[in-house]
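Before any comments, here is the structure.
Everything quoted here is computed from the prediction, not taken from an experiment.
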Amino acid sequence: MAATLEEIIQYEQFDNLEFIASQIVSGFITGLHRSPYHGFSVEFAEHRVYNNGESTKHVDWKLYARTEKLFVKQYEEETNLRSYVVVDTSSSMLFPYKSDKISKLHFSVYCAAALIYMLRKQRDASGICLFSDRIETLTDSKLSPTHAQMKYALLQNLLKENAVPLNKPTATAEVLHQLADSIDKRSLVIIFTDMFSNGNTEELLSALQHLRYNKHEIILFHVKDKRMEEQFEFSNRPHIFIDMESGREIKFSPNEIRETYREKIKEFYQEIKLRCGQYQIDFVEADINEGFREVLLPYLIKRSKLY
């Protein structure tokens with residue numbers, strides 16, 4: 001099994017995101033080897049499948065003895081895939097706020113770090129984009145160790161207390177349009193966001209379509225606390241709900257709107273899923289209560305289809 005959320009919270013004391021990422025990936029791969037998905041592993045990260053007719057000079061015969069399959073050794077300079085890991089850093093990602101549960105932002109950071117670790121093990125170049133109502137950070141897509149350390153440092157900063165303030169808005173559509181114009185080569189774009197934005201749904205879908213028009217492959221991870229944000233399972237007493245991005249407050253009892261809320265949010269998700277399917281965008285629900293497998297496995301499946 002992949003490292004649990006509780007174990008990851010314990011790892012935070014190490015203040016080393018690369019170490020935490022390695023633990024997530026190690027646990028995930030171990031779980032895969034015990035599951036029907038055996039084969040979607042990064043165990044052969046420095047290898048590729050041997051093609052009939054090519055030189056056998058770089059065939060890994062020791063690996064063949066174990067697997068009875070031919071793999072060719074790959075080297076540091078070989079890059080199969082260019083990718084960008086995109087993380088929403090707006091205030092709504094802080095939910096659940098000041099809780100003993102992991103927040104959407106921290107969950108996204110750990111997932112992003114684990115993916116960067118896996119990409120590097122597979123000799124795939126990666127860059128990182130952090131955004132709210134604008135692009136805050138956008139790196140090149142590179143494979144070097146120095147670049148990897150910079151990406152971990154950028155993500156590590158987001159784990160610090162008060163790294164993201166309240167009332168920090170989102171402009172996802174505008175940012176994705178900018179990103180589409182900024183990435184000049186075909187890439188895999190992996191997005192972590194809770195889909196809360198100051199624009200409408202059509203604007204967001206138009207931005208995603210822009211990325212696809214530019215020939216990029218996309219995995220959209222919709223990060224959420226499913227129990228609270230989708231099922232609206234708040235206790236039946238008056239609550240004060242605060243918009244974390246605007247500060248607006250409203251007081252009501254969840255019972256008063258629960259069914260209407262569930263219907264509206266279901267319609268919203270169904271529309272997003274339908275349109276993503278039409279645009280050939282992988283839409284994945286990433287529930288912060290479910291662990292990291294739900295993120296890492298869709299990525300590996302996507303990569304196996306592309307390469």
Side-chain angles (χ1 to χ4, degrees), residues 1-9 24 28 31 87-112 114 164 166-170 172 190-202 204-205 208 219-277 281-299:
M1 295 294 290
T4 65
L5 296 175
E6 291 78 9
E7 288 171 337
I8 294 307
I9 291 173
I24 294 172
F28 169 68
V87 179
D88 181 348
T89 65
S90 62
S91 296
S92 63
M93 294 288 285
L94 297 174
F95 185 84
Y97 187 58
K98 292 188 175 179
S99 166
D100 56 356
K101 292 174 58 179
I102 191 171
S103 70
K104 292 184 290 186
L105 179 62
H106 282 205
F107 179 82
S108 298
V109 166
Y110 293 132
C111 289
V164 174
L166 292 173
N167 302 326
K168 185 180 180 184
T170 327
T172 309
I190 304 169
I191 304 169
F192 291 92
T193 179
D194 58 8
M195 309 292 286
F196 294 135
S197 183
N198 62 5
N200 61 40
T201 304
E202 284 301 319
L204 175 60
L205 291 167
L208 290 168
I219 308 178
L220 175 59
F221 288 109
H222 177 204
V223 185
K224 61 184 176 181
D225 183 332
K226 187 172 182 177
R227 189 172 68 86
M228 307 303 288
E229 294 182 306
E230 184 174 338
Q231 299 302 322
F232 210 61
E233 294 184 2
F234 292 91
S235 58
N236 295 326
R237 59 178 177 79
H239 288 68
I240 296 176
F241 292 87
I242 304 173
D243 185 332
M244 300 176 74
E245 295 192 8
S246 70
R248 182 186 175 194
E249 298 184 9
I250 184 171
K251 183 177 181 179
F252 60 88
S253 175
N255 259 1
E256 298 172 5
I257 69 161
R258 182 175 287 111
E259 291 307 314
T260 301
Y261 175 89
R262 286 176 175 174
E263 290 176 7
K264 294 296 182 182
I265 205 72
K266 182 178 179 180
E267 290 174 4
F268 171 69
Y269 293 157
Q270 286 179 336
E271 174 67 11
I272 295 290
K273 290 177 186 177
L274 176 63
R275 298 287 287 279
C276 283
I281 292 170
D282 289 21
F283 179 85
V284 181
E285 296 184 45
D287 184 358
I288 62 174
N289 303 296
E290 291 298 321
F292 304 102
R293 179 187 176 88
E294 305 308 311
V295 170
L296 300 182
L297 184 58
Y299 154 73

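- Residues satisfying the side chain to side chain donor-acceptor pair (under 3.5 Å) test with Arg248, not counting sequence neighbours, are none.
- In this structure Lys251 satisfies the side chain to side chain contact (heavy atoms under 4.5 Å, CB included) test together with Pro238, Ile240, sequence neighbours excluded.
- Between Glu229 and Lys104, at least one side-chain nitrogen of the basic residue sits less than 4.0 Å from a carboxylate oxygen of the acidic one, meeting the salt-bridge criterion.
- Taken to the nearest 0.5 Å, the CG atom of Leu296 stands 7.5 Å off from the CD1 atom of Ile24.
- Between Phe283 and Phe221, the ring centre distance reaches or exceeds 6.0 Å.
- Judged by distance alone, the side chain of Thr193 and the main-chain N or O of Met195 form a donor-acceptor pair under 3.5 Å.
- The distance from atom CD1 of Ile288 to atom CD1 of Ile102, rounded to the nearest 0.5 Å, is 7.5 Å.
- Residues Asp225 and Lys101 are paired through a salt bridge, judged by an N-O separation under 4.0 Å between the basic side chain and the carboxylate.
- Within the 4.5 Å cutoff, the side chain of Ile191 has no heavy atoms near those of the Val87 side chain.
- Partners of Asp243 according to the side chain to side chain donor-acceptor pair (under 3.5 Å) rule, which considers only residues two or more places apart in sequence or in another chain, are Ser246.
- With sequence neighbours excluded, no residue satisfies salt bridge (charged side-chain N to carboxylate O under 4.0 Å, His left out) with Arg258.
- Annotation: the span from Ser90 atom OG to Asn167 atom CG amounts to 11.5 Å, rounded to 0.5 Å.
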Could you walk me through whether Phe192 and His222 pass ring pair (Phe, Tyr, Trp, His ring centres under 6.0 Å), step by step? CA-CA 6 Å; Phe192 291 92; His222 177 204; over 10 Å; no
Apply the test side chain to side chain contact (heavy atoms under 4.5 Å, CB included) to residues Lys224 and Phe95: give CA-CA distance (whole Å), side-chain angles for both, the deciding distance (0.1 Å), then the verdict. CA-CA 9 Å; Lys224 61 184 176 181; Phe95 185 84; over 6 Å; no
Test side chain to side chain contact (heavy atoms under 4.5 Å, CB included) on Phe292 and Phe28 and set out the steps. CA-CA 8 Å; Phe292 304 102; Phe28 169 68; over 6 Å; no
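- Using a cut-off of 4.0 Å between Lys/Arg side-chain N and Asp/Glu carboxylate O, Glu263 and Lys266 are scored as not salt-bridged.
- Annotation: salt bridge (Lys or Arg N to Asp or Glu O under 4.0 Å) contacts involving residues 87-96, sequence neighbours excluded, are absent.
- Annotation: side chain of Phe196 is not in contact with side chain of Thr172 (no heavy-atom distance under 4.5 Å).
- Residues satisfying the ring pair (Phe, Tyr, Trp, His ring centres under 6.0 Å) test with Phe268, not counting sequence neighbours, are none.
- For Thr89, the side chain to side chain donor-acceptor pair (under 3.5 Å) partners at least two apart in sequence or on another chain are Glu136, Lys168.
- Here the CD1-CG distance, from Ile272 to Leu220, works out to 7.5 Å after rounding to the nearest 0.5 Å.
- Ionic pairing of Glu230 and Arg262 is not present here: no N-O contact between side-chain nitrogen and carboxylate oxygen is shorter than 4.0 angstrom.
- With 3.5 Å as the limit, one finds no donor-acceptor pair spanning the side chains of Ser91 and Glu245.
- Residues that satisfy the salt bridge (charged side-chain N to carboxylate O under 4.0 Å, His left out) test with Glu249, not counting sequence neighbours, are absent from this structure.
- Listed for the Ser253 side chain is no donor-acceptor partner under 3.5 Å among the backbone atoms of Glu256.
- Note that CD1 of Ile250 is 7.5 Å distant from CD1 of Ile257, once rounded to the nearest 0.5 Å.
- The salt bridge (Lys or Arg N to Asp or Glu O under 4.0 Å) analysis of residues 267-276, with sequence neighbours excluded, yields the pairs Glu202-Arg275, Glu271-Arg275, Lys273-Glu285.
- Put simply, OH on Tyr97 and CG on Leu105 are 12.0 Å apart, with the number rounded to the nearest 0.5 Å.
- Every residue meeting the side chain to side chain contact (heavy atoms under 4.5 Å, CB included) condition with Asp282, not counting sequence neighbours, appears here in chain and number order: Ile219, Lys302.
- Closest heavy-atom contact between Ser103 and Pro96: CA-CD, 3.9 Å.
- Shown here are the ring pair (Phe, Tyr, Trp, His ring centres under 6.0 Å) partners of Phe232, two or more places apart in sequence or in another chain: Phe234, Phe241, Tyr261.
- Looking at Leu94 and Met244, their side chains come closer than 4.5 Å, going by heavy atoms from C-beta outward.
- Remark: Thr260 pairs with Lys264 by the side chain to side chain contact (heavy atoms under 4.5 Å, CB included) rule, at least two apart or across chains.
- In this structure a side-chain-to-backbone donor-acceptor pair under 3.5 Å is present from Asp287 to Lys226.
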